[in-house]
Structures are given as C-alpha cells and as structure tokens.
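I have placed the structure first, in the form of structure tokens, so that the comments after it can refer back to it.
Keep in mind that what you see is a predicted model, and the values were worked out from it rather than measured. Letters A, B, ... mirror the listed sequences (proteins, then strands); counts begin at 1.
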Number of protein chains: 2
Amino acid sequence: MSIEDKQKLQRNDRVTIRTVATHAGVSVAAVSKVMRNAYGVSEGLRAKVTDAIEALGYRPSRAARGLRGRSFTIGVLLIDIRNPFLPEVIAGVNAVLAPSHYQAMIGVSDARVQLETSLIESMIDYKMDGLILVAPRLPSEIIAKFAVQIPIVAVGYHDAAATAFDTVNADDQRGAEIAVEALLTQGYRDIEMLSLGEREGHAVSVVRQREIGFRRAMQRGGLGSSAPIGKIPIASPKREEAMRKFLSRKDRPRAVFCWSDLDAITLLSLAMEMGVRVPDDLAVIGYDNSSTAALGLVNLASIDQSGRELGQVATRTLISRIEGRAGAEHIFQIPSLVSRNSLSRSAGASGA
Amino acid sequence: MSIEDKQKLQRNDRVTIRTVATHAGVSVAAVSKVMRNAYGVSEGLRAKVTDAIEALGYRPSRAARGLRGRSFTIGVLLIDIRNPFLPEVIAGVNAVLAPSHYQAMIGVSDARVQLETSLIESMIDYKMDGLILVAPRLPSEIIAKFAVQIPIVAVGYHDAAATAFDTVNADDQRGAEIAVEALLTQGYRDIEMLSLGEREGHAVSVVRQREIGFRRAMQRGGLGSSAPIGKIPIASPKREEAMRKFLSRKDRPRAVFCWSDLDAITLLSLAMEMGVRVPDDLAVIGYDNSSTAALGLVNLASIDQSGRELGQVATRTLISRIEGRAGAEHIFQIPSLVSRNSLSRSAGASGA
DNA sequence: CGACAAATGTAGAACGTTCTCCATATAACG
DNA sequence: CGTTATATGGAGAACGTTCTACATTTGTCG
C-alpha cells in the first residue's frame, strides 16, 4: 500500500473494500472472495476478513457491485398500488427474500405503458439481478426482449407460450368457473359478468382469462347462448354511473360475477343505496378475497387466489432462474371459493 | 479509437457513453456534458450528441452513474404496504417525479426496524440522491446519522426539532382536535379514543400526536378529567377480540375516535354484527378518509389528511434539498373533517 | 498586432466492486 | 529429491459513468 493510499484513507471516511483489506492485512481480492464466498478461501483468511468487516461496519456499495457483477437486488414492478391485492404479492416476495441476501425494490407504473417501460429499463440499468412484473401491460414480445437482458418472471400475465421468461399465475379461467358453478349450485340461472372496460385488450390479462372461464362455465351449465358480459370503466365518475345503470336495469340479472372485489364492493354499496337487496334481489361474487370483502359489513363472497403465495412462488422461480435454470416455467395455482352472505344467507363466513 | 476498441464494440452489444461518443465523433466527456447539460456545450455539439443518442437508443447506466455522481433516483421507504393511506403518498411522489428525470424506487420495511435500517443502507449504497421515509420507526438520532450521508425527508414523523433532515406532516394534533370538536358539536360528552397498542412508543409517531390532540381538545371541552384512551393491538386475532370487548362493555362511551380508518372500519363492522347501532348507540370518527370509508355501505366520518398532497410536498422538499438547500424545513398541513353517517344521520356525504 | 479573457472541447483519473489470470506454498507421489 | 497436482492468496484489468484540469480556439480591446 502506497503512502498516497494511506492519506486518502484518512480524509475519505467511507469504508470500502480497500479499508477492510488494509485492516485485515490482506488483499482486496481476498476480501471480495470472502464476500462472495468464492472458491479458494482458508478458514484463517475468512476469519480475519469477517472480523474486519464486523469491526469497521463495512457495507459493499451496491452501485459498484452493479457495475461489475450482481447487485443482489430484485426489482418488482407493480401496475397499480391501490388495488389491495397487489400489496399481498409484495408481502409474499418480501417473505421469501427476507432470509436471503437479496432485497426487493419496487416501482409503480400506474398502468402507464411508457412509465412501465422506463422503469424496467431503469432496473436493468441498475444491474438488478432479476425482475418480477406484476400484471404488466406490455405485449409479450417486448417483455421477451427485456428478458434477454435480465431474468424476468411475470405474475398475473397469461402467456404459457413464452419461452424467454417465466410466468406465475392463479388459474383465472378456473377461478371464474368456480364462481359460476357456485352460482349455479345456488340455483341461479340468470347470471351476468361485470368485467373491466376500456383498454386492457390482450388475452394475457387476468381479466380476459376470467371472461373466458365465465363463458365456458356458462356453456357447460347450458347457458351458453346468453352469457352476457358488461364492462365497467375504471375512471371514477363513469364507473359509479355504469354500476347504477346496471342496478336499475329492469332486465337486471339475478346474480353477478365481478372481475374484482374492487368493483364488487362498490356495487354492493350502490345496491344498498338503491334499495337492491343482496343476495335476495341480486347475488354477488367478487374476485381476490380482499380484506374488505371479509368485513361483516360487506360480507362479499369472493374467489381467493392468495396473492401472498403468488408472490412467494414468483420469487422462488426468479431466484432459480437467476441461479442458472434455462427453459421457461409456467406455474399455475388453483383458486378457491370463499362463500359469504352476498352469495347466500346460509353461507355465513365459512370457507369453501 | 484503437483497433481493440473497435473489436470490443463488435462483440459487446451494450451501448455505452463510448459508443455514443464514437458515433457522434466527439469525446466521451462531451457526451457526458450534454447528458448533464453542463456548462460549455455549443449548439452544434449538443445536436450531434443528441442525434447519436437518439439513433443508438442510448441509456446511461444507473449503476455506473451512482458510482461516480448522482443516480437520479430517490428512494421511498414505506413502513407497511397494506395501510391504504400509504399508496396515496406514493401516488403524490410519482406525480411530482413523473415530469422530471428522477424516478422513485420503493422499499417496504413491514414495520421491522432492522429491515428498515438495512433498506436505508441499501438505498445509500445505491447512491440514491435522496430518501423519503414514510412513518419510519427509527429514532431521530439514527435518522439524523443517515441524513449526513443522504438528503432525507420524513413524512408522518413529528420531530420539528430535527436539524439534519426535513419533515412533512399533517398536523395530527389538530386533526384529532377537529374530530373531538365535531363530536362535541353533535352534543356528545362521553367520548373515548381507540388508539394503537403495543410498541409505537415515540412521541414522533402520528398516533401519539393524535392522542395528544385528543387530550387537549377534551380538556378544552371541559372533559379533561376523563379522556380515556383504549389501545387496540395490531395483530389480527387479538385485534377483533379487543374491539368486541370494547363494544360489549356496559360503560361503553357514546362516541369514539379511532386513530385510523383501518380500525374504525373493523369496529363499524363488528358493531353491526353485535347489534350496536351507529351512530345511534355509538358515533364513530376515523382518520385518513380512505376510499373504503367513503363507501355507502361503510359511511364512516373521517379526518382527511390527503396523503397524495403529503407525498407531493415531501418530494418537492426533498428535491430542493438535493439541489442545495441547507437548513431543515418542517412543513405542516391542516387536515379537515369529512362528515358522514357514522357521526350523524343528517351529515350525509357532504364535506366539511 | 499583441495580450488577455471567454468559450468550447478533451484526456484521464477517479468511483468501489468483481473476476480472470498468475504466483506461491503445500501436499502427494514415485 | 524431483515432479506434479492442489490449495491459497494477490495483481490488476475491467465495468460505465462523472468531473477536474488542461488545451485549444475564438473573441475583445487597447
């Protein structure tokens, strides 16, 4: 070590890998080896280095790491932070990551394709080790293009044909079927689905999948000819308006399946205001089994897809890919019905 | 440009600042100058460089940037992603950041001090340009220590004496006062607060502040001697249990102020189950004015503190500090009452 | 025309890691 | 003892930026 180096050490207070090396009386390369527990490190060396790290409170710079090797960070991209289902996914991700040396950084795209793209690029530019995209809006080819640069797992994105990236999904078709079957079992025949309007065209989207499942189950139940699907806009003023219109239709169905609890709960609320009794006049099933649905005040039957578990599985899948797995995996989880009063008075709060 | 450089360009496909420089026929330093729009760049040079960037689709590596200078990223630390108030703050942050060249990366600490610390350290190690901590659990001295290394703005953290970092808060004391005043105006005298139990001791926490405001307003109303504050645990089984116990007490108060909508809504729900009529038997005011509170089904009066605005203000404050402001700022916002049926039948859904 | 100032562009040293060789020490074997 | 394998540690070149110091050109003024 030269004299200039020593001087530098004095005035600059940041503890770097070099400080550790000096303190432990070993080379920089040795410290790096210990950090990454690479091959060729003796017990003695390891001990010396670990002690020095401890004593100095050394933390490797992620920026510098990213420049050369891995950054031990995985990026999570959320389409929207307001949908209460998504925080569940995050919780699952964090649960798996907590004991590891990885950390999650989250970006929120607010459903804007451009922001989504630029966030993904940023995460790549940070040299993150992998990405979990939750319900991305981007077309499959684009995601595949990014997947060349960084391991990617998409959650809530139905594209079992993708070869460049993995997908982890609840079986949304099956979920919708389960909802319809439950309504059929209760004796309902006059069933409609309320889906998400506007944009959101791709078949990859969970919403489309639920529509497909809805149609199939209706068909099986002998109601194929009339399986109407209404569209509810996302934006707030129009949204309530569309629901009010639905509720006041005189050919209003006897039962409705909503693509998300978000809509189902608002629908329940408006129904109460307008004097439509649930489930007597109208049975309602939602999707996601959000915590609000479980409230006694709301008591909404819903399809449970455990976002938490989805997050956990996605994280494990991503890590396995980071650590070398080739070949895409496409994982499905089977959702289940949580029966509550909005489906049938007798149902109570018992699970399915 | 040497021959080796040319060869490297061929096999390595990453577009770096060097690629751009070669393509534009200028130096690397020149490109960097244009990127940072630094002093000493002619129109001609700027044009050449911008064209090259455009043509090559160049994106600067954040990792490399972080190593030397700024990374144009700001970190946001959330204590919890499930409280629906927090996404609002994020929305505010993103709104301010969107038109700028900054981006937000979010970390979730799940209220665990250790995870919180390590996330802050990570963000520093990433050379992020600044941090927004939302309702951090860390003591002020620790935050101050971090603030030496990176500009910090704390949101929902009451420490107007802090000199090392800025704070942005809703005036939680005032919010609680407003709630009590509203109850007093409705003629209630028998008022209790339901606060957050367990941990969360510091006076910096919003919860403590609301307790202080509650006590003061009760005192002013001549009810100083009896301003009882109950504690509700966070964890789920005990939480409902405590609320049930509260609701079935025979000396149950006529009105209650809950520290958060989260609790108020569950309370409303249990009240319905147990046959306690709201507001006739029990008036309820919550805090945060979450979207669930606004549902007709719930109809919970609440104190609105606009998380969105808090996020916007915090972001602007942080940026001004990043760009050189010294001296701490401590900003307050005044919350307002949103009156709804849980306070008084006549209230309807009209604002305050 | 000479002297000085201002404007513009460049070279090259950081920044803090990782990781590929390479050097040395030790062990194993005939 | 010489040879070869193996285990251990180190030197030093990347990685892609930023930014200071300097060189060059152009402009201005007496």
Side-chain angles (χ1 to χ4, degrees), chain A residues 1-2 4-5 7-9 11-22 24-49 53 56 58-73 121-122 124-127 129, chain B residues 1-2 4-5 7-9 11-22 24-49 53 56 58-73 121-122 124-127 129:
Chain A
M1 181 181 207
S2 75
E4 298 105 271
D5 279 349
Q7 287 180 337
K8 202 177 303 157
L9 234 58
R11 87 180 108 82
N12 194 344
D13 50 348
R14 161 128 206 161
V15 176
T16 78
I17 198 173
R18 202 159 286 122
T19 327
V20 176
T22 321
V26 299
S27 76
V28 169
V31 178
S32 176
K33 271 189 181 173
V34 171
M35 296 290 305
R36 299 171 286 131
N37 41 19
Y39 173 83
V41 176
S42 69
E43 267 321 300
L45 181 72
R46 157 159 278 118
K48 271 193 292 185
V49 171
I53 288 176
L56 297 169
Y58 165 69
R59 300 189 320 256
S61 152
R62 302 220 166 208
R65 274 192 155 167
L67 194 51
R68 197 82 225 304
R70 323 239 307 248
S71 66
F72 292 100
T73 306
E121 289 176 344
S122 275
I124 293 175
D125 297 344
Y126 260 122
K127 279 275 177 63
D129 297 333
Chain B
M1 181 182 206
S2 76
E4 300 104 89
D5 278 351
Q7 286 179 336
K8 201 176 306 158
L9 233 59
R11 89 179 106 83
N12 192 343
D13 50 350
R14 160 126 206 162
V15 176
T16 77
I17 199 172
R18 203 159 286 121
T19 328
V20 176
T22 322
V26 299
S27 74
V28 168
V31 178
S32 177
K33 268 190 179 175
V34 171
M35 297 288 306
R36 300 170 287 132
N37 42 19
Y39 173 83
V41 175
S42 70
E43 266 322 298
L45 181 71
R46 157 160 279 114
K48 271 193 292 186
V49 171
I53 288 176
L56 296 169
Y58 165 69
R59 299 189 320 254
S61 152
R62 301 221 167 206
R65 273 192 157 167
L67 194 53
R68 198 83 226 304
R70 324 242 304 251
S71 66
F72 292 102
T73 306
E121 289 176 345
S122 276
I124 293 176
D125 296 344
Y126 260 123
K127 279 276 178 62
D129 296 333

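Base contact: A:Ala29 has a heavy atom under 4.0 Å from a base atom. Here B:Arg70 lies out of heavy-atom contact (under 4.0 Å) with every strand. In this structure, A:Ser42 reaches the sugar-phosphate backbone alone: every heavy-atom distance under 4.0 Å involves primed, P, OP1 or OP2 atoms, never a base. Residue contacts shown for A:Arg36 include a base, since a base heavy atom lies under 4.0 Å away. Looking at heavy-atom distances under 4.0 Å, B:Lys33 makes contact with a base. Within 4.0 Å (heavy atoms only), A:Arg46 reaches no atom of the nucleic acid at all.
Nearest-nucleotide positions on DNA chain D place A:Gly25 closer to the 5' end than the other of A:Gly25 and B:Arg68. Nearest-nucleotide mapping onto DNA chain C: of B:Val41 and B:Leu67, the residue sitting toward the 5' end is B:Val41.
Protein atom CD1 of A:Ile53 is 13 Å distant from nucleotide atom C1' of C:dT17, rounded to whole Å. A:Arg59 places its CZ atom 11 Å from the P atom of C:dT17, with the value rounded to the nearest Å. For the pair B:Asp125 CG and C:dG16 C1', the interatomic distance rounds to 11 Å; values are reported in whole Å. Whole-Å rounding puts the B:Lys127 NZ to D:dT17 P distance at 16 Å. Rounded to whole Å, the distance from CZ on B:Arg62 to P on D:dT17 is 12 Å. The separation between A:Ile17 atom CD1 and D:dA11 atom P is 13 Å, rounded to whole Å. Atom OH of A:Tyr58 and atom C1' of C:dG16 are 7 Å apart (whole Å). Atom-to-atom, CZ of A:Arg18 to P of D:dG10 comes out at 14 Å; the value is rounded to the nearest Å.
In this model, no side-chain donor or acceptor of B:Arg65 finds a partner on the base of D:dT17 within 3.5 Å.
Contact check, A:Tyr39 against D:dA7: a side-chain N or O comes under 4.0 Å of OP1 or OP2. Between C:dG16 and A:Ser61, no contact under 4.0 Å exists linking OP1 or OP2 to a side-chain N or O. For D:dC15, the OP1/OP2 oxygens have no side-chain nitrogen or oxygen of A:Tyr126 closer than 4.0 Å. OP1 and OP2 of C:dG16 both lie 4.0 Å or more from every side-chain N or O belonging to A:Thr16.
For the atom pair CE (B:Met35) and CD1 (B:Ile17), the distance works out to 7.0 Å, reported to the nearest 0.5 Å. Here A:Arg46 contributes atom CZ and A:Asn37 contributes atom CG; the two are 5.5 Å apart, rounded to the nearest 0.5 Å. Atom CG of A:Leu45 is separated from atom CD of A:Glu43 by 9.5 Å, given to the nearest 0.5 angstrom. Atom CZ in B:Arg62 sits 7.0 Å away from atom OG in B:Ser71 (nearest 0.5 Å).
Listed by first and then second residue, the side-chain hydrogen bond (donor to acceptor under 3.5 Å, both in side chains) pairs involving residues 24-36 of chain B are B:Ser32-B:Arg36 (not counting sequence neighbours).
The minimum heavy-atom distance linking B:Arg70 with B:Arg65 is given by the pair O-CB, 3.3 Å. For the pair A:Asp129 and A:Phe72, the tightest heavy-atom approach, listed with the atom from each and the gap, is OD2-N, 2.6 Å.
In this structure, a donor-acceptor pair under 3.5 Å is absent between the side chains of B:Tyr126 and A:Ser61.
Rounded to 10°, the angle separating the first-five-pair axis and the last-five-pair axis of the helix from C:dC1-D:dG30 to C:dG30-D:dC1 equals 40°.
Of the candidates D:dT18, C:dC19, D:dG16, C:dC19 carries the atom nearest the A:Ser32 side chain, counting heavy atoms from C-beta on.
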